[in-house]
Novice: 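Sharing a structure with you now.
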Amino acid sequence: SPLLHTFAWTVHPPPHTFENCFFSAAASSPQQELPPFYRPWMEIANNLPSLIESHQLRAQVDKVPNSHHVSLARLILSFITMGYVWQEGETGIAKVLPRNLAIPYGEISRVLGLPPILVHADLILVNWKKRNPFGCECLPRNLEPIVCLPGGSSTRGFILVTFLVEKAAVPGIKVTSAPDRRVSFVLDAVEGIYTDLHQHLGRRNCPGNLSLPLLSSSWKDNPSLPEGLIYEGFCDQPLAYSGGSAAQSTTLHAFDELLGVQHLTLLCVCAAAFLHSMRDYMPRPHRAFIEELRRAPPLRRHVSRSGSERLRLAYNKCVAALSDLRTYHIAMVTKYVIIAGRNAKDKPALSSINPLSCLEGRGTGGSGLLSFLKSVRDATEEATLPS
């Protein structure tokens with residue numbers, strides 16, 4: 001029987017298998033130390049008996065720091081994956097990611113709680129370095145992406161200016177999570193942050209030749225990859241994911257939750273579903289932060305019930321500033337994504353990579369772009385408190 005055959009093989013293994021598994025290993029001393037990167041593991045391993053006997057093993061493991069190397073590895077694999085899939089443009093899309101890339105990428109992504117595709121956090125939040133280590137990270141000329149895609153200065157500018165927009169929002173995020181959340185202080189601070197965001201967004205003055213594969217980096221709802229991408233050795237079935245998108249920015253989700261912006265009207269139902277799904281593409285701590293804001297007492301309701309005209313005006317200023325920011329974003333996207341994408345398709349010789357037809361009218365995450373952005377902007381305006 002198969003069971004007896006297995007038992008017999010275990011007791012009397014084939015000579016070549018026994019030799020491979022034992023004699024060849026015994027012919028030279030086994031490796032005794034891992035590289036320095038794994039020193040915390042080795043320290044635990046060297047003291048394993050005493051740690052177990054003293055019931056301290058779990059506590060010691062919990063102290064092992066999360067490694068930034070994992071995030072960097074994911075960043076690099078994300079960009080390599082984008083290049084591998086879209087290298088030939090629409091004419092030669094790779095529908096299978098080879099196992100030597102798919103397995104490590106899939107496993108690292110699983111550890112970090114992110115889907116195995118380039119997301120906003122990869123593209124923007126962790127993809128920058130200083131040219132001068134002692135210089136300021138607020139100046140684009142002192143910044144450089146760690147990894148980039150074709151598109152030259154325009155792609156570089158897209159990444160770095162978006163990073164500066166996110167950085168400008170940090171004070172507003174800190175205000176929303178401050179222990180002493182005085183309503184008037186929060187509203188005044190956040191309204192000022194929206195003005196700064198608007199100014200930084202205006203610096204995204206790209207020449208209009210952004211890397212098209214970068215902007216269409218989605219294999220969900222993408223006619224070029226109708227079933228998704230096969231991750232060889234990681235998953236038997238094709239996987240479909242949305243690509244990097246500003247809709248995955250924790251900043252905008254946080255401000256929506258703070259101000260109580262509801263994307264629930266009939267025209268916004270699809271936008272609301274898409275926005276909510278984008279939270280699955282955020283780092284775990286970001287998702288937790290947004291959920292904390294969602295569970296907090298609603299700021300809008302507090303202002304409405306307070307009867308304070310000053311608070312109502314301050315709140316409405318925030319809503320108007322956020323709405324203006326989104327209106328400006330629509331204009332920027334129209335100019336630098338929609339029109340630029342059509343021009344690239346009409347003049348493919350200007351690009352080293354074939355343009356993708358799925359770009360037209362669609363966002364970097366694969367959403368119906370302009371209608372989506374307008375519905376989000378309209379929902380923001382509807383949060384205004386009446387007098």
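Values reported hereafter were calculated over all heavy atoms of this structure, with side chains retained and with hydrogens, waters and symmetry mates removed. Counting from 1, the numbers follow the sequence of the chain as shown.
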Novice: Among the clusters formed by ILVMFWY side chains lying less than 4.5 Å apart, do V96 and Y241 turn up in the same one?
Specialist: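 Different hydrophobic clusters.
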Novice: Would you say that L373 contacts R326 through its side chain, given a criterion of any heavy-atom pair below 4.5 Å between the two side chains?
Specialist: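 No, their side chains stay 4.5 Å or more apart.
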Novice: If I compare all heavy atoms of W219 with all of P116, which pair ends up nearest, and what's the gap?
Specialist: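 Nearest pair, atom of W219 first, then P116: CZ2-O, 4.3 Å.
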Novice: Any donor-acceptor pair under 3.5 Å linking the side chain of N127 with the backbone of P145?
Specialist: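 Checking the backbone N and O of P145 against the side chain of N127, no donor-acceptor pair under 3.5 Å is found.
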Novice: Other residues, nucleotides and ligands only: do more than 12 of their heavy atoms fall within 6.0 Å of CG on N132?
Specialist: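 Counting neighbours around CG of N132, more than 12 heavy atoms of other residues, nucleotides or ligands fall under 6.0 Å, so yes.
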Novice: Are the charged groups of R131 and E144 less than 4.0 angstrom apart, N to O?
Specialist: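 Yes, this pair counts.
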Novice: Is it true that F163 and L72 fall in one hydrophobic cluster, defined by side-chain heavy atoms closer than 4.5 Å?
Specialist: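 Linked, F163 and L72 end up in one cluster.
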Novice: Any side-chain heavy atom of L112 sitting closer than 4.5 Å to one from P283?
Specialist: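 No, too far: nothing below the 4.5 Å cut-off.
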Novice: Do you reckon L75 sits in the same ILVMFWY cluster as V111, going by side-chain contacts under 4.5 Å, direct or chained?
Specialist: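 Different clusters: L75 never reaches V111 through Ile, Leu, Val, Met, Phe, Trp or Tyr contacts under 4.5 Å.
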Novice: How long is the span from the OG1 atom in T250 to the CZ atom in R287, to the nearest 0.5 Å?
Specialist: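 CZ of R287 is found 9.5 Å from OG1 of T250.
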Novice: Between CG of L51 and CD of E43, what distance do you get to the nearest 0.5 Å?
Specialist: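 One finds 10.5 Å between CG of L51 and CD of E43.
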Novice: How about S109 and R74: does a side-chain donor come under 3.5 Å of a side-chain acceptor?
Specialist: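 Note: S109 and R74 side chains meet the donor-acceptor criterion.
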Novice: When you look at NZ of K130, are more than 12 heavy atoms from neighbouring residues, nucleotides or ligands closer to it than 6.0 Å?
Specialist: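 Count over threshold, so yes.
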Novice: Tell me the closest heavy-atom pair linking E166 and S249, and the distance in Å.
Specialist: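 Scanning both residues, the minimum pair turns out to be OE2-OG, 2.7 Å.
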Novice: Any ion pair linking R295 and E291 (charged N to carboxylate O, less than 4.0 Å)?
Specialist: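 R295 and E291: salt-bridged.
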Novice: For N222 and S218, work out which heavy atoms get closest and say how close.
Specialist: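 Looking at all heavy atoms of both residues, the shortest contact is ND2-O, 2.8 Å.
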Novice: Side chains of L225 and K220: does their closest heavy-atom pair fall under 4.5 Å?
Specialist: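 Heavy-atom side-chain distance check fails, nothing below 4.5 Å.
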Novice: May I have the step-by-step check of side chain to side chain contact (heavy atoms under 4.5 Å, CB included) for H253 and L275, ending in yes or no?
Specialist: CA-CA 8 Å; H253 285 257; L275 276 175; 4.0 Å; yes
Novice: Sorted by first residue and then second, give each salt bridge (Lys or Arg N to Asp or Glu O under 4.0 Å) pair with at least one member in residues 96-106; sequence neighbours left out.
Specialist: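 Residue pairs with at least one partner in residues 96-106: there are none.
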Novice: Distance check, rounded to the nearest 0.5 Å: I52 atom CD1 versus R58 atom CZ?
Specialist: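 CZ of R58 is found 10.5 Å from CD1 of I52.
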Novice: Can you tell me how far OG1 of T81 sits from CG of L229, rounded to the nearest 0.5 angstrom?
Specialist: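 The distance works out to 8.0 Å.
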Novice: Give me the atom names and distance for the closest heavy-atom approach of S54 to S50.
Specialist: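 Smallest heavy-atom distance, with atoms named: OG-O, 2.7 Å.
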Novice: Taking the side chain from S304 and the backbone from R301, do they hold a donor-acceptor pair closer than 3.5 Å?
Specialist: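 No, the answer is negative, given that no donor and acceptor are paired below the 3.5 Å cut-off.
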Novice: If you link I, L, V, M, F, W and Y whenever their side-chain heavy atoms are under 4.5 Å apart, who else ends up in the same group as I290?
Specialist: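 Under the 4.5 Å side-chain rule, I290 groups with M282.
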Novice: In chain order, what residues pass the side chain to side chain contact (heavy atoms under 4.5 Å, CB included) check against P238, with sequence neighbours excluded?
Specialist: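 Partners of P238 by the side chain to side chain contact (heavy atoms under 4.5 Å, CB included) criterion, ordered by chain and then number, come out as E227, I230.
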Novice: Quick one, V303 with S308, criterion side chain to side chain contact (heavy atoms under 4.5 Å, CB included). Give me CA distance, side-chain angles, the key distance, then yes/no.
Specialist: CA-CA 7 Å; V303 172; S308 169; over 6 Å; no
Novice: Flag the pair L77 / P104 as yes when at least one side-chain heavy-atom distance between them is below 4.5 Å, and no otherwise.
Specialist: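 Answer yes - side chains close enough.
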Novice: Is D122 reaching over with its side chain to a backbone N or O of V119, donor-acceptor style, under 3.5 angstrom?
Specialist: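 Judged by distance alone, yes, a pair lies under 3.5 Å.
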Novice: Does Y105 belong to the same Ile/Leu/Val/Met/Phe/Trp/Tyr cluster as I146, with side-chain heavy atoms less than 4.5 Å apart forming each link?
Specialist: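 The answer is yes; both residues are in one hydrophobic cluster.
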Novice: Search all heavy atoms of S224 against all heavy atoms of K95 and return the closest pair with its distance.
Specialist: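 Where S224 meets K95 most closely, the heavy atoms are O-CE, 4.1 Å.
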Novice: Contact between L125 and H286 at the side-chain level, heavy atoms closer than 4.5 Å - yes or no?
Specialist: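 The answer is yes; the side chains approach within 4.5 Å.
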Novice: If you measure only the distance, is there a donor-acceptor pair under 3.5 Å linking the side chains of S323 and R377?
Specialist: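 Not at all, the side chains of S323 and R377 share no donor-acceptor pair under 3.5 Å.
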Novice: Just wondering, more than 12 heavy atoms not from Q237 lying within 6.0 Å of its CD?
Specialist: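 No.
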Novice: Do P150 and T155 come within less than 4.5 Å of each other through their side chains, counting heavy atoms only?
Specialist: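 Of all side-chain heavy-atom pairs linking T155 with P150, none is under 4.5 Å.
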Novice: Would you please test E257 and R279 for salt bridge (Lys or Arg N to Asp or Glu O under 4.0 Å) and show each step?
Specialist: CA-CA 13 Å; E257 292 291 352; R279 296 184 181 184; 2.8 Å; yes
Novice: Quick one: are F79 and L123 in side-chain contact, heavy atoms under 4.5 Å?
Specialist: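 Side-chain contact under 4.5 Å: yes.
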Novice: For the hydrophobic clusters of this structure (ILVMFWY residues joined by side-chain heavy atoms under 4.5 Å, transitively), does one cluster hold both V85 and I103?
Specialist: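 V85 does not cluster with I103.
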Novice: What distance separates L252 CG from L322 CG, expressed to the nearest 0.5 Å?
Specialist: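 L252 atom CG to L322 atom CG measures 7.0 Å (nearest 0.5 Å).
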Novice: Is there side-chain contact between Y281 and I117, with heavy atoms separated by less than 4.5 Å?
Specialist: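 Yes, their side chains come closer than 4.5 Å.
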Novice: If you measure from the Lys or Arg side-chain nitrogens to the Asp or Glu carboxylate oxygens, is any gap between R294 and D256 under 4.0 Å?
Specialist: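 No.
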Novice: With rounding to the nearest 0.5 Å, note down the distance linking OG1 in T384 to CZ in R312.
Specialist: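 Rounded to the nearest 0.5 Å, the OG1-CZ separation comes to 9.5 Å.
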Novice: If only atom types and distance count, is the side chain of Q248 paired as donor or acceptor with the main-chain N or O of H120 below 3.5 Å?
Specialist: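 Answer holds: yes.
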